[in-house]
Amino acid sequence: MSTGTSNCVFYSSIVILLLTSIALTGYLIRDTVLVINSPRFPEFRVDSLSISNLSYTYPNFSVSGNWNARFSVQNPNKKFSISYDLVQSTLVYEPKSSHVYEPEFISEIGIPDFNQSMRKETFIDAAFAVSDAYRSMSLGYINVDSTVSFVVKFLGRIKFKDGRGRLVKDYWGREALKVHCEGLVVSLASSHSASGASISGKLVEPRDCKIL
Ligand SMILES: *[C@@H]1O[C@H](CO)[C@@H](O)[C@H](O)[C@H]1NC(C)=O
Ligand SMILES: *[C@@H]1O[C@H](CO)[C@@H](O)[C@H](O)[C@H]1NC(C)=O
Ligand SMILES: *[C@@H]1O[C@H](CO)[C@@H](O)[C@H](O)[C@H]1NC(C)=O
């Protein structure tokens with residue numbers, strides 16, 4: 001092999017290397033721009049959860065009570081507004097030892113649709129209630145003056161729109177928004193009113209929710 005040929009091979013390798021890196025940088029920039037410009041999911045937080053009028057009837061473990069919750073929903077996007085259609089909001093009791101007791105459904109409600117402009121925070125008040133409903137043993141074993149834990153789940157359709165109101169992304173069906181607010185620890189106390197003794201409780205601290 002002459003020096004000329006090996007020089008030629010050397011320079012063409014350099015050129016190929018350069019072109020490859022330019023192309024890679026291009027893809028990287030394009031992907032970064034795509035990520036920055038695509039809508040981000042809203043952020044959910046539980047600010048309060050209070051229990052009132054909670055009572056049990058033995059021996060049939062019938063439960064009555066009210067769970068009042070306040071959620072904050074934040075749109076983190078500067079360029080997109082969001083429409084919410086939260087079709088399902090579920091309250092679940094989360095037993096301390098999940099090996100012994102299964103998480104237990106308590107109540108399900110619907111939340112009115114709402115729209116949210118860019119960067120806005122919206123507060124949702126949700127009132128879950130059960131009245132003389134049969135629930136299995138786990139919920140019947142709650143001790144007053146202790147803490148218990150709940151989970152709230154949201155399922156719904158959300159649409160992102162740009163500044164001109166054009167639809168950018170629509171998440172529904174299998175892609176629907178799923179939010180889990182876990183570890184909502186409530187401290188309980190007994191309360192007495194005209195209607196008799198019952199249990200009441202307050203959320204120990206606000207919790208951020210997970211988007212699944
Ligand atoms: C709790 O029960 C009392 C008496 O029955 C009633 O006045 C009150 O409105 C109830 N609280 C809630 C949050 O429903
Ligand atoms: C949300 O906005 C859409 C149009 O962008 C409108 O049709 C709808 O009624 C609004 N929903 C609420 C709850 O305001
Ligand atoms: C549970 O027992 C109480 C008192 O005996 C009764 O009033 C109530 O209807 C029963 N509830 C269920 C769901 O069986």
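Heads up: numbering here begins at 1 and tracks the sequence.
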Centres of the Phe105 and Tyr93 rings: under 6.0 Å?
no
Between Arg157 and Asp170, is there a side-chain N and carboxylate O pair less than 4.0 Å apart?
yes
Show the nearest heavy-atom pair for residues Lys178 and Arg174, with the distance to one decimal.
NZ-O, 3.5 Å
Do Ile111 and Val92 belong together in a cluster built from hydrophobic side chains that touch within less than 4.5 Å?
no
Consider only side-chain N and O atoms of Ser50 and Asn68, and report whether a donor and an acceptor are under 3.5 Å apart.
no
So Val185 and Leu203, side chain to side chain contact (heavy atoms under 4.5 Å, CB included) or not? Walk me through it.
CA-CA 6 Å; Val185 178; Leu203 185 68; 5.7 Å; no
Yes or no on side chain to side chain contact (heavy atoms under 4.5 Å, CB included) for Val73 and Ile124, after CA distance, side-chain angles and deciding distance?
CA-CA 8 Å; Val73 183; Ile124 301 176; 3.6 Å; yes
Is the count of non-hydrogen atoms from other residues, nucleotides or ligands lying under 6.0 Å from Tyr11 atom OH greater than 12?
no
For Ser107 against Ala129, the heavy-atom pair lying closest together
OG-O, 3.5 Å
Tyr84 and ring-ring contact (aromatic ring centres under 6.0 Å, His included): which partner among Phe71, Phe160, Phe114, Tyr171?
Phe114
Using the rule that two of Ile, Leu, Val, Met, Phe, Trp, Tyr join whenever any of their side-chain heavy atoms come within less than 4.5 Å, decide whether Val151 and Val63 are in one cluster.
no
Looking at Glu121 and Arg45, does any basic side-chain N land under 4.0 Å from a carboxylate oxygen?
yes
Which atom pair, heavy atoms only, marks the closest approach of Met118 to Lys78?
CG-O, 3.2 Å
Without swapping roles, check the side chain of Ser64 against the backbone of Asp132 for a donor-acceptor pair under 3.5 Å.
yes
If you draw a 6.0 Å radius around NZ in Lys210, do more than 12 non-hydrogen atoms from other residues or ligands fall strictly inside?
no
For Phe154 and Phe44, take the angle between the two ring planes, folded into 0 to 90°, and tell me which bin it lands in: parallel under 30, tilted 30 to 60, perpendicular over 60.
tilted
Please check this pair: side chain of Asn77 against backbone of Arg40, looking for a donor-acceptor N/O pair closer than 3.5 Å.
yes
Is a side-chain N or O of Asn75 found less than 3.5 angstrom from the main chain of Ser117, in a donor-acceptor match?
yes
